[in-house]
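This report concerns only the one structure given below.
Nothing fancy with the numbering, it's 1 onward along the sequence. The analysis underlying the following values was restricted to heavy atoms, covering all of them including side chains, and did not include hydrogens, waters or symmetry mates.
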Amino acid sequence: MSESSTAVLLLEDGNVFYGKAFGKIGTTTGEICFNTGMTGYQEVFTDPSYYGQVVIMNAAHVGNYGVKAADVESNSVKIKGLIGRNLEERYSRLQADNSLQQYLEDQQVVSIHGVDTRALVAHIRTCGAMNCIISSETMDLAVLRNKLAETPSMNGLELASVVSTREVYEMGNPHSAIRVAVYDFGVKKNILNCLTRRGAYVRVYPAKTALEQIEDFNPHGYFISNGPGDPAPMDYGVKTVKEILQKGKPMFGICLGHQLLAMANGIPTFKMHHGHRGLNHPVKNIITGRSEITTQNHGFGIDPEAVRQSSAVEITHVNLNDDSIEGIRLKDKPAFSVQYHPESTPGPHDSRYLFDEFIGMMKG
């Protein structure tokens, strides 16, 4: 790739940013969002919850420790595009397998850098989430505007079934005394690792699997995973969660799973102004009074007033930055969920106790 290759970023509101091309030469569109994490870029890029999004990395240098085959959350990069201040081709980690440039080329990810990401993030924080387009193959803004206009809004977009596994698969010890059925709406590999390391045998099912097809597994508990897109159109997911709740077995939901548990109890979701994404979000556990620094990635939330008015649900965690609801549990059933990511890859491990609580519930 030529050092002089230029690229352009066009926002839905008409703002234009010019920079240098990185990764694949081409054109891509998606919803623009930003991640405040300083490390863990490869885990971010492969997180299925980012499907359909173009990610701004806030860190000034991204790619300087290269990429490693093991540092992934799924089998491919899920972001639609990447924006950075300095995307680095050279790297210095001995364990790395490859450069970020080669990785993004191989994964067909169009990227741009040399952009004033501080100004861009400040703009998104003020104006809110919107679609964007990156191109390193044409600078014709009229052409790009037309292509951008064809990009669907994330609001109302069901994407969980797009990223879900197509085949059932297992992880962990088949002879374990604890079996967990996982509904894959975009599950991260390290969530499954957090379960298997605690002794669980997990069987992962496609998003639209009917509950009766899981009966032969006879799970001790159900895990409802994270995933991309808008939860509101996921009638099939809400139906499944309601059916699981009727069984009275332990249930744990993360991120999209949290939203589905809320919807199954009459609590609506809403699209956030610009979402929470990063490794440094403070959350208070109001049951214990302790605070946690959490890893987050979501653009939708559950309605705070509806939660407070619910007779079936109680709040367990709140965000200390904006008071949004970060955790709930049911009063009469062994089901709970959090909006953030306790597997925390990347991020601090403050919240991994939630997996211990889930395992404890299944052990009785």
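Checked by atom type, the side-chain pair Gln339/Ser324 shows no donor-acceptor distance below 3.5 Å. Asn280 and Thr36 share a side-chain donor-acceptor pair at under 3.5 Å. Side chain to side chain, Thr46 and Glu43 fail the donor-acceptor criterion of an N or O pair below 3.5 Å. No donor-acceptor contact under 3.5 angstrom links the side chains of Glu343 and Asn193, judged on distance only. For the residue pair Asn297/Arg277, the side-chain donor-acceptor check at 3.5 Å is satisfied. Side-chain contact, Ser351 with Glu292: a donor N or O sits under 3.5 Å from an acceptor N or O. A donor atom on one side chain and an acceptor atom on the other are found under 3.5 Å apart for His123 and Asp13. Side-chain contact check for Ser49 and Asn226: at least one donor-acceptor pair (N or O, by modelled atom type) lies under 3.5 Å. In this structure, a donor-acceptor pair under 3.5 Å is absent between the side chains of Ser153 and Asn155. For the residue pair Glu150 and Asn146, no side-chain donor N or O sits within less than 3.5 Å of a side-chain acceptor on the partner. For His276 and His281, the side-chain atoms include no donor-acceptor pair closer than 3.5 Å. Judged by distance alone, the side chains of Lys333 and Asn265 never bring a donor and an acceptor atom under 3.5 Å apart. The closest side-chain donor-acceptor pair between Glu88 and Gln101, if any, does not fall under 3.5 angstrom.
Grouping the Ile, Leu, Val, Met, Phe, Trp and Tyr side chains by contacts below 4.5 angstrom, directly or via other members, places Ile79 apart from Leu11. At a threshold of 4.5 Å between side-chain heavy atoms, the hydrophobic network of Ile, Leu, Val, Met, Phe, Trp and Tyr places Ile254 and Ile178 in one connected group. Under the 4.5 Å side-chain heavy-atom criterion for ILVMFWY residues, no single connected hydrophobic cluster contains both Tyr51 and Ile56. Clustering ILVMFWY residues whenever any of their side-chain heavy atoms sit less than 4.5 angstrom apart, transitively, puts Leu354 in the very cluster that holds Ile359. Side-chain heavy atoms closer than 4.5 Å link hydrophobic residues (I, L, V, M, F, W, Y) into clusters, and following such links, possibly through other members, connects Val307 to Leu256.
In terms of heavy atoms, Ile267 sits closest to Ser310 at CD1-CB, 4.3 Å. Between Met139 and Ala7 the shortest heavy-atom distance is CE-CA, 3.8 Å. Counting all heavy atoms, side chain and backbone alike, Tyr340 lies closest to Thr295 at CB-O, 3.4 Å.
Looking at Leu245 and Met251, their side chains come closer than 4.5 Å, going by heavy atoms from C-beta outward. Within the 4.5 Å cutoff, the side chain of Val115 has no heavy atoms near those of the Arg85 side chain. Counting heavy atoms from C-beta on, the side chains of Val180 and Thr196 never come closer than 4.5 Å. In this structure, Phe22 and Val109 have side chains that are not in contact, with every pair of non-hydrogen atoms separated by 4.5 Å or more. By the 4.5 Å heavy-atom criterion applied to side chains, Leu9 and Leu120 are counted as neighbours.
To the nearest 0.5 Å, atom CG of residue Leu10 and atom CZ of residue Arg145 are 6.0 Å apart. Atom OG of Ser311 is separated from atom CG of Asp332 by 8.5 Å, given to the nearest 0.5 angstrom. Between Leu261 atom CG and Ile328 atom CD1 the span is 4.5 Å, to the nearest 0.5 Å. In this structure, CE in Met234 is found 10.5 Å from OG1 in Thr269, a value given to the nearest 0.5 Å. From Arg329, atom CZ reaches atom OG of Ser337 across 11.5 Å, with rounding to the nearest 0.5 Å. If you take SG on Cys194 and CZ on Arg352, they are separated by 4.0 Å, rounding to the nearest 0.5 Å.
Centroid-to-centroid, the aromatic rings of Phe252 and Tyr222 stay 6.0 Å apart or farther. Aromatic pair His274/Phe34: centroids less than 6.0 angstrom apart. Checked against the 6.0 Å centroid criterion, the rings of Tyr65 and Tyr41 qualify as a close aromatic pair.
A donor-acceptor contact shorter than 3.5 Å links the side chain of Ser136 to the backbone of Gly26.
Taking 4.0 Å as the cut-off between side-chain N and carboxylate O, Arg203 and Glu170 count as a salt-bridged pair.
Counting heavy atoms of neighbouring residues, nucleotides and ligands inside a 6.0 Å radius, atom NZ of Lys249 exceeds 12 of them. Remark: Gln95 CD is packed, more than 12 non-hydrogen atoms of other residues, nucleotides or ligands lying under 6.0 Å away. The local environment of CZ in Arg93 is crowded, with over 12 non-hydrogen atoms from other residues, nucleotides or ligands closer than 6.0 Å. Within 6.0 Å of CZ in Arg166 there are more than 12 heavy atoms belonging to other residues, nucleotides or ligands. Residue Met272 qualifies as enclosed at atom CE: its count of foreign heavy atoms under 6.0 Å is above 12.
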In sequence, state the C-alpha distance, the side-chain angles, and the governing distance for Lys188 and His341, and then conclude on side chain to side chain contact (heavy atoms under 4.5 Å, CB included). CA-CA 10 Å; Lys188 293 173 66 177; His341 278 263; 3.7 Å; yes
Going through the distances and angles, do Gln213 and Tyr205 end up as a side chain to side chain contact (heavy atoms under 4.5 Å, CB included)? CA-CA 10 Å; Gln213 294 178 27; Tyr205 294 88; 5.9 Å; no
Test side chain to side chain contact (heavy atoms under 4.5 Å, CB included) on Val187 and Leu192 and set out the steps. CA-CA 8 Å; Val187 72; Leu192 302 177; 4.1 Å; yes
Test side chain to side chain donor-acceptor pair (under 3.5 Å) applied to Glu326 and Asn319, step by step: CA-CA 6 Å; Glu326 295 280 5; Asn319 189 293; 2.7 Å; yes
Criterion side chain to side chain donor-acceptor pair (under 3.5 Å) on Asp140 and Thr138, from CA distance to verdict: CA-CA 5 Å; Asp140 188 328; Thr138 178; 5.2 Å; no
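Judged by a 6.0 Å distance limit and a 45° cone about the ring axis, Lys78 is not positioned over the six-membered ring of Tyr50.
Put simply, the residue from Glu243, Lys239, Gln246 that forms a side chain to side chain contact (heavy atoms under 4.5 Å, CB included) with Leu211 is Glu243. Remark: of the listed residues Val72, Leu100, Val77, Leu100 is the sole one forming a side chain to side chain contact (heavy atoms under 4.5 Å, CB included) with Val67.
Every residue two or more places apart in sequence or in another chain that forms a salt bridge (Lys or Arg N to Asp or Glu O under 4.0 Å) with Lys271 is listed here: Glu31.
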